[in-house]
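One-based numbering, in listed order, for ligands and for the atoms of each.
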Amino acid sequence: MNKKFTVTSFREFKEKGKKISMLTAYDYPTAKILDESGVHAVLVGDSVGTVVLGYEDTIKVTMEDMIHHIKAVARGIKRAFLVGDLPFLSYHTGIYDSVRNAGRLVQEGGCKAVKLEGGREIVENVKAIINAGIPVMGHLGYTPQSINIFGGHKSQGKTFEVAKKIYQDALILQEAGVFSIVLECVPYKLAGFIAKKLDIPVIGIGSGPDCDGQVLVIQDALGLDEDFNPRHAKKYFNLGSVYREVVTKYIDEVDKGIFPTIENSFTVDDEVIERLEND
Ligand code: KIV
């Protein structure tokens, strides 16, 4: 899998009915594994705040946090398409800030596109970023930066009014020129309806099987947090318990003098030690 996945590959995949796989990454080794494994796109999400930095939500994530993690991930990517999240308040304060901050993620961080949350209310910002030559991925449905408006992590689009707003916002973003839209925690029939109506691919998270692609937080797929079992995620492994086992074993081996052995150590001529003793 050596062919580069580019912004135009998104539309090509949609036209051919081929599914797009996307995973999040926040560090170099993870990025390298994802890239070499053949995932189509990698997202440095502002979920870095919750899954890496230990915040309660994504609100505290800053531009500096995003640039720091995007830089690390970009070093591990040769082939996949790299998208970086614009964090809370980096695009709500005006067109200038939106373009400036999107530009920083691309220029300083090294991602190829940016993702921002919201529909009609940020459409002018989206257009300005695209006009500056930066591809934009939309994000509708449950948008974590608005957690305090939603009153928690809740599926969006269960009523006709909200479903219609999400659908209309998707059309508005498509018209504005976004290359793809993430739909988060939207009922699967609504997500399937929107995916069918749009020409650009819809990437789902917690939005069912009828989207054009899927995105998952890598920590959730790996099962790193044993206490976090959201409905939308699938644990492909229990990395958390493996991690725990390794750490416990290491502590025990250090305690008992089992690790390290001389195989893990460096040597010196006996003469050096003898001279030290007689010095
Ligand atoms: O921040 C993130 O990881 C995201 C995905 C959940 C889509 O926005």
Minimum-distance protein heavy atom relative to [atom]:
atom                   : answer
atom 8 (O) of ligand 1 : Lys115 NZ, 2.7 Å
atom 5 (C) of ligand 1 : Leu43 CD2, 3.7 Å
atom 2 (C) of ligand 1 : Ser47 OG, 3.2 Å
atom 6 (C) of ligand 1 : Ile205 CD1, 3.6 Å

**Study point:** Ser155 vs Pro187 side-chain heavy atoms within contact, under 4.5 Å
**Key:** yes
Check your understanding: Is the closest basic N to carboxylate O distance between Lys127 and Glu124 below 4.0 Å?
Key -> yes
Check your understanding: Mind checking whether Thr24 has an N or O less than 3.5 Å away from an N or O of ligand 1?
Key -> no
Check your understanding: Does an N or O anywhere in Asp46 fall below 3.5 Å from an N or O of ligand 1?
Key -> yes
Check your understanding: Should the proximity of Thr58 to ligand 1, defined as any heavy atom under 4.0 Å, be assigned to the side chain, the backbone, both, or neither?
Key -> neither
Check your understanding: Just wondering, are more than 12 heavy atoms of other shown residues or ligands nearer than 6.0 Å to CG in Asp270?
Key -> no
Exercise for review: If the plane angle is over 60° it's perpendicular, under 30° parallel, otherwise tilted; pick one for His153 and His232.
Suggested key: parallel
Check your understanding: Ring centres of Phe179 and Phe81 under 6.0 Å apart?
Key -> yes
Review point. Does ligand 1 have an atom under 4.0 Å from some heavy atom of Glu117?
Key: no
Review point. Does the side chain of Ser90 pick up a donor-acceptor pair with the side chain of Asn101 at under 3.5 Å?
Key: no
Exercise for review: State the atoms of ligand 1, each with its element, that fall below the 4.0 Å cut-off from a heavy-atom position in Gly45.
Suggested key: 1 (O), 2 (C), 3 (O)
**Study point:** Element-labelled atoms of ligand 1 that are located less than 4.0 Å from some non-hydrogen atom of Asp85
**Key:** 1 (O), 2 (C), 8 (O)
Review point. Has Lys18 got its NZ or CZ under 6.0 Å from the middle of the six-membered ring of Phe13, at an angle within 45 degrees of the ring axis?
Key: yes
